[in-house]
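Notes to accompany the following structure.
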Amino acid sequence: VIRPAELIQRKRDGEELDGEQIAELVLGYSRGEVPDYQLAAFCMAVYFQGLSSAETFALTDAMVRSGETIDLGAELGRRVVDKHSTGGVGDKTTLAVGPIVAACGVPFGKMSGRGLGHTGGTLDKLESIPGFRVELSTDEFVSQVRDVGLAIVGQTADLVPADKKLYALRDVTATVENVSLIAASIMSKKIAAGAEAIVLDVKVGDGAFMKTLADARVLAETMLALGERAGRKVVCVLTDMDQPLGRAVGNALEVREAVATVRGEGPPDLAELVLDASAHLLALSDLGVDRTEARRRAEQAVADGSALAAYERWVRAQGGEPDESALPKAPFVQEVFAPQGGHVQRLAALPVGTAALHLGAGRTEKDAPIDHAVGVVCLKKRGDAVDEGEPLAEIHARDEQSANEAAVAFGAAYELGDDPPRARPIILDTLG
Ligand code: URA
């Protein structure tokens with residue numbers, strides 16, 4: 001047996017480790033036999049030296065093997081679908097895609113995460129719905145996908161425990177932003193949770209972990225290769241995260257916007273991404289339809305109200321109250337006004353996410369409680385015309401002081417100028 005210190009040293013010096021050595025480290029860490037400080041040093045060595053494809057496969061395999069795996073296809077006799085985002089600001093896509101896909105008769109089963117840094121998490125958004133239970137057992141998860149056609153839950157304790165530990169460690173050791181570590185983290189969870197067809201939304205830009213299209217493409221290709229090797233059908237969409245997705249940022253505000261999108265009344269960028277992802281999932285499913293027919297069915301489910309009915313059925317099945325009037329509202333709403341007229345040149349996602357975080361929509365400490373009612377609504381987005389003194393955004397706060405602080409942060413998020421900027425589409429590329 002080679003000691004962890006020796007493996008760390010080899011990686012530090014740029015050598016390639018074999019699959020067994022990687023498994024030894026990761027499984028040893030998961031069992032509590034290798035300490036945090038050695039894995040932290042290993043992750044930093046990986047951050048600087050990178051991992052080969054063979055090493056990334058081995059890491060992903062070891063993470064999957066650290067816990068239980070679910071075979072949804074065998075349990076249901078259907079091809080279950082799933083989607084995942086690499087994380088962004090205002091990303092409530094899953095909350096609308098799930099009901100649309102389920103309404104089209106395709107089972108959707110997903111394990112989601114909580115917010116990380118300035119990015120939001122689907123579980124936190126769902127918990128703004130009164131009564132909603134995100135912690136289902138594996139058996140409850142499988143039966144709900146079977147009976148209701150849709151379940152979105154937290155990662156159960158037994159599923160990829162190595163990722164739970166490793167993710168928390170990376171979050172506090174500046175080792176999140178490595179392609180191999182992100183790809184292994186996401187794909188180990190997707191592989192273990194059992195869906196056979198997966199759409200991965202790789203965010204690119206200011207508010208994403210991948211800041212450039214080139215880096216995002218490498219991440220997408222790495223995840224595609226991991227999915228293919230595990231026998232899953234995977235499509236990656238590279239999407240814009242230079243500005244927040246949609247208008248709402250903050251948990252209950254985002255649930256409202258997702259429901260509006262399910263009803264066909266969502267903001268255009270969000271609605272396009274939701275329909276695109278839904279169409280990919282339907283085309284990868286066992287319905288046997290092509291992309292054009294898949295898109296038509298997704299649009300139909302929105303137009304005829306069946307997607308909204310699927311949303312209500314799903315929320316009730318997980319103990320929640322689907323009526324929007326039950327969602328919490330912030331007591332204090334303040335508008336931010338345009339200091340000049342013209343066009344929005346830029347609305348930077350990172351300061352918007354950070355403002356929402358400081359209002360209480362996210363955590364600055366592990367396991368801290370969050371305020372589901374607070375957040376921001378970006379009334380104007382990139383390219384929109386604006387008059388001097390017109391409202392740019394609404395701040396939903398617990399009190400006046402936190403609203404004032406968030407208003408200052410907004411000054412940095414909006415860049416106004418005379419001419420409209422060059423249009424940038426929401427979907428930048430599709431791979432796989
Ligand atoms: N999301 C994950 O699940 N893992 C990462 O490493 C980054 C984003």
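Because the structure is predicted, anything quoted here is derived from the model rather than measured. Remember, it's 1-based here, ligands and their atoms both numbered in the order they're listed. Along the sequence shown, residues carry numbers from 1.
- From the protein, the heavy atom lying nearest to atom 4 (N) of ligand 1 is S185 OG, 2.7 Å.
- Looking at T86, V160, L219 and measuring to atom 8 (C) of ligand 1, the nearest heavy atom belongs to T86.
- Y167 CE1, 3.0 Å is the protein heavy atom nearest to atom 5 (C) of ligand 1.
- Side-chain atoms of D384 come within 3.5 Å of backbone atoms of K381 as a donor-acceptor pair (strictly under, hydrogens ignored).
- When only non-hydrogen protein atoms are considered, atom 1 (N) of ligand 1 lies nearest to I186 CG1, 3.8 Å.
- The nearest heavy-atom contact from the protein to atom 3 (O) of ligand 1 is K189 NZ, 2.5 Å.
- Cation-pi geometry between K165 and Y29 is satisfied (NZ or CZ under 6.0 Å from the ring centre, within 45° of the ring normal).
- Between R295 and E299 a salt bridge is recorded (basic side-chain N to carboxylate O distance below 4.0 Å).
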Determine, stepwise, if the pair E68 / T138 fulfils side-chain hydrogen bond (donor to acceptor under 3.5 Å, both in side chains). CA-CA 10 Å; E68 67 166 14; T138 301; 2.7 Å; yes
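- Side-chain N or O atoms of D82 include none that pairs as donor or acceptor with a backbone N or O of A195 at under 3.5 Å.
- Those atoms of ligand 1 that come under 4.0 Å of a heavy atom in R170, given as number and element, are 6 (O).
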